[in-house]
**Student:** 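This structure is in structure tokens; I'll ask about it shortly.
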Amino acid sequence: MYKIGFDNNKYLSMQSERIRERISEFGGKLYLEFGGKLFDDYHASRVLPGFQPDSKLQMLLQLKDEAEIVIVISAQDIEKAKLRGDLGITYDDDVVRLIGEFTGIGLMVGSVVLTKYAPSEKVNHFEERLKKMGYPVYHHYVIDGYPSNITKIVSDDGYGRNDYIRTSRQLVVITAPGPGSGKMATCLSQLYHENKRGIKAGYAKFETFPIWNIPLKHPVNIAYEAATADLNDVNMIDPWHLEAYGKTTVNYNRDVEIFPVLKATFDRIYGECPYKSPTDMGVNMAGNCIVDDEACREASYQEIIRRYFTAYCAAAADERRSDELYKLELLMNQANISVTDRACVPAARELAARTGEPAAAMELPDGAIITGRTTDLLGCSSAMLLNALKYLAGIDDDILLINPEVIKPVQQLKLGYLGSKNPRLHTDETLIALSISAVTDENAAKAMAQLKNLNNAEMHSTVILTEVDAGTLKKIGVRVTCEVHQS
């Protein structure tokens with residue numbers, strides 16, 4: 001059952017105020033490393049029900065007159081045509097997309113930085129593309145001995161070789177298409193250059209996860225480890241914070257490991273580091289905005305199980321993905337959950353066992369469980385979808401929403417002209433047929449009107465879904481898991 005567990009309005013207010021405080025702590029100039037996704041943080045919205053996917057963006061809009069954005073991309077990622085997996089586009093194309101998204105809502109994009117810079121045909125072409133759009137491009141270089149050789153890094157032969165990024169506002173948000181782009185190094189390079197120019201500037205980090213002021217093994221934090229299982233990120237108690245303040249806080253391995261370098265860099269630039277721990281660097285207020293801990297725990301359990309099934313299907317297709325699956329199994333053990341804690345899983349499996357065919361089940365936001373079995377006309381996902389719409393519209397189960405005579409011509413089209421071997425309707429085809437029926441059938445129209453109420457529903461299929469089915473269900477807000485069908 002879907003329940004709100006996070007106060008989004010409180011978050012927007014607290015988060016923007018905390019950033020303003022941090023700006024003032026450094027005398028009016030702050031470089032803010034922005035981790036995670038700005039426009040579409042669906043992971044956060046799943047584990048913190050009530051968190052809006054664009055919350056971080058809305059928070060920035062409250063600071064838009066004070067902020068400018070610098071986008072960082074590694075030249076090596078351009079050269080390798082690295083893809084952003086969730087969008088299926090290259091990092092360089094995503095930079096252009098981000099510029100359009102930011103400027104389209106009134107945020108200022110000041111420049112783009114090419115880190116680990118080395119000229120090449122691809123890199124040069126991308127740089128010219130940005131310049132034609134009117135955006136300055138700066139070069140930052142690979143530094144020998146990075147990140148351990150502090151003497152070399154914090155010198156004219158290290159950060160000093162990098163271009164100085166010209167900025168005009170007191171809050172400079174450093175963001176990137178994905179991890180490993182060089183956001184932190186860009187921030188520290190700017191501190192070095194600002195100091196050389198007699199300008200006092202500060203650095204802070206904004207990462208939503210792990211949440212520093214909830215327990216290490218809280219399901220929300222375990223869900224973050226599940227989301228980054230392929231990166232081998234590990235949540236851990238911040239030892240620096242514990243030693244400095246005697247208080248337990250949560251951070252993750254990469255920040256804990258890099259902190260000695262950051263501290264030494266600050267010491268060398270300013271004479272002393274303003275931070276005593278990685279936790280001190282952060283400005284994340286999300287933990288203060290959880291209003292229903294149990295709702296967030298349950299949402300996080302579901303996210304961990306969903307991640308497990310995703311890894312399970314990936315490992316079934318490619319044994320090289322098995323390590324990710326093993327890690328997720330360990331995380332499920334830590335959370336003391338199993339796949340059957342996802343209510344739609346046992347319901348789908350029971351129906352599949354009873355019919356001998358693939359089956360699907362959905363847990364609606366009100367907690368109702370709706371199932372669908374494979375028929376001659378419909379796949380199990382399509383049957384389940386229609387059954388769920390009937391339930392929500394209060395339509396008797398034995399009433400047909402789509403006349404079989406409407407479905408048959410669609411099947412003939414698929415088999416006879418489109419080269420399909422499966423006559424059953426996919427979910428998108430089912431919804432098109434339903435929308436046609438809704439023109440003359442009152443029940444079909446009532447069912448169509450309930451589509452919006454499938455948002456935040458949970459679904460499981462005992463067979464791996466086609467990309468079409470998975471994509472259609474995602475568009476209407478259904479969170480899907482599936483497994484390999486056992487014949």
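Because only heavy atoms are used, hydrogens play no part in the values below, and waters and symmetry mates are left out as well, while side chains stay in.
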**Student:** For R169, what residues pass the side-chain contact (heavy atoms from CB on, under 4.5 Å) criterion, not counting sequence neighbours?
**Tutor:**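 side-chain contact (heavy atoms from CB on, under 4.5 Å) list for R169, sorted by chain: E68, M108.
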**Student:** Under a 4.0 Å N-O cut-off, is there an ion pair linking E298 with K3?
**Tutor:**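 Result for this pair is no, no salt bridge flagged.
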**Student:** Please list, chain by chain and in numerical order, all residues satisfying salt bridge (Lys or Arg N to Asp or Glu O under 4.0 Å) with D267, sequence neighbours excluded.
**Tutor:**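 With neighbours one apart ignored, the set is K263.
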**Student:** Rounded at 0.5 Å granularity, tell me how far CD1 in I71 sits from OH in Y91.
**Tutor:**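 Output value for this atom pair is 13.5 Å.
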**Student:** Is the number of heavy atoms from other residues, nucleotides or ligands under 6.0 Å of E21 CD greater than 12?
**Tutor:**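 For E21, atom CD is crowded (more than 12 foreign heavy atoms under 6.0 Å).
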**Student:** Can you tell me how far the CG atom of L242 sits from the CD1 atom of I237, to the nearest 0.5 Å?
**Tutor:**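 One finds 8.0 Å between CG of L242 and CD1 of I237.
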**Student:** Count the heavy atoms of every other residue, nucleotide or ligand shown that sit under 6.0 Å from CZ of R166, and state whether that count exceeds 12.
**Tutor:**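 No, the 6.0 Å shell around CZ holds no more than 12 heavy atoms from other groups.
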**Student:** Using distance only, find each side-chain donor-acceptor pair of residues 199-211 under 3.5 Å and give its atom names and separation, not counting sequence neighbours.
**Tutor:**
residue	atom	partner	partner atom	Å
Y203	OH	E33	OE1	2.5
K205	NZ	D255	OD1	2.6
K205	NZ	D255	OD2	3.1

**Student:** Please report the interatomic distance CG(N253) to CG(D233), rounded to the nearest 0.5 Å.
**Tutor:**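 Reported value, rounded in 0.5 Å steps: 5.0 Å.
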**Student:** Should L465 and M459 count as side-chain neighbours, where that means a heavy-atom distance under 4.5 Å?
**Tutor:**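 Contact flag for L465/M459 side chains = yes.
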**Student:** With a 3.5 Å cut-off and no angle check, do the side chains of N284 and Y11 form a donor-acceptor pair?
**Tutor:**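 Their side chains do not contain a donor-acceptor pair, so the 3.5 Å distance test is not met.
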**Student:** Side chains of residues 146-153: which donor-acceptor pairs under 3.5 Å do they make with residues two or more places apart or in other chains?
**Tutor:**
residue	atom	partner	partner atom	Å
S148	OG	G145	O	3.3
N149	OD1	K152	N	3.2

**Student:** Name the residue from T248, T249, N288 that meets the side chain to side chain donor-acceptor pair (under 3.5 Å) definition with N213.
**Tutor:**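 Of all the options given, the one that passes is N288.
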**Student:** List for me each residue that meets side-chain contact (heavy atoms from CB on, under 4.5 Å) alongside Q334, sequence neighbours excluded, and say none if there are none.
**Tutor:**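 Result, side-chain contact (heavy atoms from CB on, under 4.5 Å) vs Q334: K217, I222, L331.
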**Student:** Would you say that Y2 contacts L364 through its side chain, given a criterion of any heavy-atom pair below 4.5 Å between the two side chains?
**Tutor:**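 Of all side-chain heavy-atom pairs linking L364 with Y2, none is under 4.5 Å.
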**Student:** List in chain and number order the residues that pass side-chain contact (heavy atoms from CB on, under 4.5 Å) with D280, two or more places apart in sequence or in another chain; answer none if no residue qualifies.
**Tutor:**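 So D280 forms a side-chain contact (heavy atoms from CB on, under 4.5 Å) with H241, Y245, Y275, K276, S277.
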**Student:** What do the steps show when you test E25 against R18 for salt bridge (Lys or Arg N to Asp or Glu O under 4.0 Å), and what is the final call?
**Tutor:** CA-CA 11 Å; E25 289 169 11; R18 183 69 190 99; 3.5 Å; yes
**Student:** Sequence neighbours left out, what pairs pass side-chain hydrogen bond (donor to acceptor under 3.5 Å, both in side chains) with at least one residue falling in residues 100-115?
**Tutor:**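 Matches after skipping sequence neighbours: none remain.
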**Student:** CG of N333: more than 12 outside heavy atoms within 6.0 angstrom?
**Tutor:**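 Result for CG/N333: enclosed.
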**Student:** Partners of E483 by salt bridge (Lys or Arg N to Asp or Glu O under 4.0 Å), sequence neighbours excluded?
**Tutor:**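 Only R349 meet the salt bridge (Lys or Arg N to Asp or Glu O under 4.0 Å) criterion with E483.
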**Student:** Mind checking what makes salt bridge (Lys or Arg N to Asp or Glu O under 4.0 Å) contact with R479, not counting sequence neighbours?
**Tutor:**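 For R479 the salt bridge (Lys or Arg N to Asp or Glu O under 4.0 Å) partners, ignoring immediate neighbours, are E458.
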**Student:** With sequence neighbours left out, what residues match K29 under salt bridge (Lys or Arg N to Asp or Glu O under 4.0 Å)?
**Tutor:**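 With neighbours one apart ignored, the set is empty.
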**Student:** Could you check whether D157 and S155, counting side-chain N and O atoms only, form a donor-acceptor pair closer than 3.5 Å?
**Tutor:**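 No, D157 and S155 have no side-chain donor paired with an acceptor closer than 3.5 Å.
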**Student:** Just grab all the side-chain hydrogen bond (donor to acceptor under 3.5 Å, both in side chains) pairs involving residues 129-143, residues at least two apart or on different chains.
**Tutor:**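 The answer is D93-R129, E127-K131, E127-H139.
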**Student:** Could you check if a side-chain atom of R46 sits within less than 4.5 angstrom of a side-chain atom of R306, using non-hydrogen atoms only?
**Tutor:**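 A side-chain contact exists here, since the closest heavy-atom pair is under 4.5 Å.
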**Student:** Could you tell me whether R254 and E257 have a side-chain N and a carboxylate O separated by less than 4.0 Å?
**Tutor:**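 A salt bridge is absent here (no side-chain N lies under 4.0 Å from a carboxylate O).
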**Student:** For D469 and S381, does a side-chain donor sit closer than 3.5 Å to a side-chain acceptor?
**Tutor:**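 Short answer, no.
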**Student:** Relative to each other, are the rings of Y224 and Y252 parallel, tilted or perpendicular (30° and 60° limits)?
**Tutor:**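 It falls in the perpendicular class, over 60°.
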**Student:** Any side-chain heavy-atom pair from D156 and K196 closer than 4.5 angstrom?
**Tutor:**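 With C-beta onward as the side chain, the pair touches.
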**Student:** Please round to the nearest 0.5 Å and tell me the distance separating atom OG1 of T310 and atom CG of L328.
**Tutor:**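 Here the rounded value is 8.5 Å.
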**Student:** Residues in side chain to side chain donor-acceptor pair (under 3.5 Å) with K80, at least two apart?
**Tutor:**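 Partners of K80 by the side chain to side chain donor-acceptor pair (under 3.5 Å) criterion come out as none, since no residue qualifies.
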**Student:** About how many Å separate SG of C289 and CG of L48, when rounded to the nearest 0.5 Å?
**Tutor:**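 It comes to 9.5 Å.
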**Student:** Could you verify whether a donor N or O on one side chain and an acceptor N or O on the other, from Y159 and Q190, lie under 3.5 Å apart?
**Tutor:**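 No pair is found: no donor N or O on one side chain lies under 3.5 Å from an acceptor on the other.
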**Student:** Roughly how far apart are L98 CG and I73 CD1, rounded to 0.5 Å?
**Tutor:**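 It is 9.5 Å, given to the nearest 0.5 Å.
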**Student:** Should L191 and N195 count as side-chain neighbours, where that means a heavy-atom distance under 4.5 Å?
**Tutor:**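 A side-chain contact is absent here, since even the closest heavy-atom pair is not under 4.5 Å.
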**Student:** Take atom OH in Y326; do more than 12 heavy atoms of anything else shown fall under 6.0 Å from it?
**Tutor:**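 Not more than 12 within 6.0 Å, no.
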**Student:** Judged by modelled atom types alone, do T472 and D428 share a side-chain donor-acceptor pair under 3.5 Å?
**Tutor:**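 Distance-only check fails for T472 and D428.
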**Student:** Can E324 and K327 be counted as an ion pair, charged N to O under 4.0 angstrom?
**Tutor:**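 Answer for the salt bridge query: no.
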**Student:** Any donor and acceptor pair, going by atom type alone, linking the side chain of S300 with main-chain N or O of C296 inside 3.5 Å?
**Tutor:**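 Yes, the answer is positive, given that a donor and an acceptor are paired below the 3.5 Å cut-off.
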